[in-house]
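Everything on this sheet refers to the single structure shown next.
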Amino acid sequence: MKINCLIVDDEPVARSIIRNYCGHLPFLHIVAECGNALDAKTILSEQKIDLLFLDIHMPVLSGIGFLSTLKNPPQVIFTTAYQEYAVNAFDLSVCDYLLKPFSLERFIVAVDKAKENLQPKNLQKESDEPNQDHLFVKAEGKIYKITYSNCLYAEAQGNYTRIVTTETTIQTKMSFSSFVALLPETMFVRIHRSYVVNKTRISRIDGNRVFIGQTEVPIASNYRNSFLQALGL
């Protein structure tokens, strides 16, 4: 599996370190590198990028500001010398946050997370069935069939995903991003870095909360606009 990468950092030395680290992982293919977010936006519009190594503190437009402008961002690993941005970074659902200076070992851990997100292994989706209304999930040595219409919402729980249906609750050992990627976008919408909900199961919206029956799910501020657009509001 080849992963196309883009390195974005205003410091040449920092780009060189990432380039060197990428060289230790043959499946990483560096498509381009640049020193600012505006150049990166152009590259993303012209090239297929799977993984973005993104600095935060850059001139003109910060990495966090840049990422918030992307409608369909690739996997993102933030690389920064500023620890205080970590909370905001994870609100944007990045797969990892590397604090400079970081080791090759720590870099590999981050890349492995992105690789897992790009290549889900615990779900089977029969994409050749045009009217498919379900997927299968492996959990606790069993395989569960989940019908989309019966799936209420899903929640990220560390390296696991908690899936709540009308019949049961399943905790599967997979990344949340992998699960979300296999849901039909016409039925499910992300409302938080840790939650995705079934639009047809929403009872009401009250401020920054979604109610699915009696269950309350938070709406993150950076997801609110896209959520409302998905509902046609």
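Side-chain contact between V8 and D55: absent, with no pair of heavy atoms (C-beta onward) separated by less than 4.5 Å. Using a 4.5 Å heavy-atom threshold, the side chains of V60 and F66 count as separate. V109 places a side-chain heavy atom less than 4.5 Å from the side chain of K113. Proximity of L67 to V76: side-chain heavy atoms (C-beta onward) are separated by under 4.5 Å at one or more points. A 4.5 Å side-chain heavy-atom check between V210 and F227 finds at least one atom pair inside the cut-off. Between H24 and V111 the shortest side-chain heavy-atom distance does not fall below 4.5 Å. V94 has its side chain out of reach of P73: every pair of non-hydrogen atoms, C-beta onward, lies at least 4.5 Å apart. Counting heavy atoms from C-beta outward, L28 and Y21 have side chains that stay 4.5 Å or more apart.
A donor-acceptor pair under 3.5 Å links the side-chain atoms of S203 to the main chain of G213, judged by distance alone. In this structure, the side chain of K199 does not engage the main chain of L231 through any donor-acceptor pair within 3.5 Å. Using a distance-only test at 3.5 Å, with no hydrogens or angles considered, a donor-acceptor pair links the side chain of T161 to the main chain of M174. The backbone N or O of D50 lies less than 3.5 Å from no partner atom in the side chain of N4, so there is not a single donor-acceptor pair. With hydrogens and angles ignored, the 3.5 Å screen pairs no side-chain donor or acceptor of R204 with any backbone N or O of F211. Not one N or O on the side chain of T147 forms a donor-acceptor pair closer than 3.5 Å with the backbone of S149.
Residues F107 and V13 fall within the same hydrophobic cluster, defined by Ile, Leu, Val, Met, Phe, Trp and Tyr side chains chained together at heavy-atom separations under 4.5 Å. Clustering ILVMFWY residues whenever any of their side-chain heavy atoms sit less than 4.5 angstrom apart, transitively, puts Y160 in a cluster other than the one holding V217.
Counting non-hydrogen atoms of other residues, nucleotides and ligands closer than 6.0 Å to CG of N159 gives a total of 12 or fewer. Few gaps surround CD on E216; more than 12 heavy atoms of other groups in view lie less than 6.0 Å from it. The neighbour count for Y144 OH, taken as heavy atoms of other residues, nucleotides or ligands under 6.0 Å away, is above 12.
When all heavy atoms of N198 and C151 are compared, the pair lying nearest together is ND2-O, 2.9 Å. When all heavy atoms of I30 and R19 are compared, the pair lying nearest together is CD1-CG, 3.6 Å. Annotation for A32 and I43: closest pair CB-CD1, 3.8 Å, computed over non-hydrogen atoms. For the pair A114 and C95, the tightest heavy-atom approach, listed with the atom from each and the gap, is CB-SG, 3.7 Å. Taking each heavy atom of P218 and I191 in turn, the nearest pair found is O-CD1, 3.4 Å. Contact record, F176 with R190: CE2-NE, 3.2 Å, taken as the closest heavy-atom pair.
Rounding to the nearest 0.5 Å gives a distance of 6.5 Å between CG of L51 and CD1 of I3. Atom OG1 of T168 and atom CG of N150 lie 11.5 Å apart (nearest 0.5 Å). How far CD1 of I77 is from CD1 of I18: 9.0 Å, rounded to the nearest 0.5 Å. Within the model, atoms CG of D10 and CG of N36 stand 8.5 Å from one another, a figure rounded to the nearest 0.5 Å. To the nearest 0.5 angstrom, Y148 atom OH is 6.5 Å from L183 atom CG. Here CG of L54 is found 11.0 Å from OH of Y97. Values are rounded to the nearest 0.5 Å.
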Residues K100, D9; criterion side chain to side chain contact (heavy atoms under 4.5 Å, CB included); working and verdict: CA-CA 12 Å; K100 298 174 183 176; D9 199 305; 2.7 Å; yes
Residues Y153, R162; criterion side chain to side chain contact (heavy atoms under 4.5 Å, CB included); working and verdict: CA-CA 9 Å; Y153 67 94; R162 177 172 171 264; 3.6 Å; yes
Residue pair V189, Y223: steps toward the side chain to side chain contact (heavy atoms under 4.5 Å, CB included) verdict: CA-CA 10 Å; V189 60; Y223 283 91; over 6 Å; no
Step-by-step side chain to side chain contact (heavy atoms under 4.5 Å, CB included) determination, R106 to L99: CA-CA 10 Å; R106 182 65 182 87; L99 190 62; over 6 Å; no
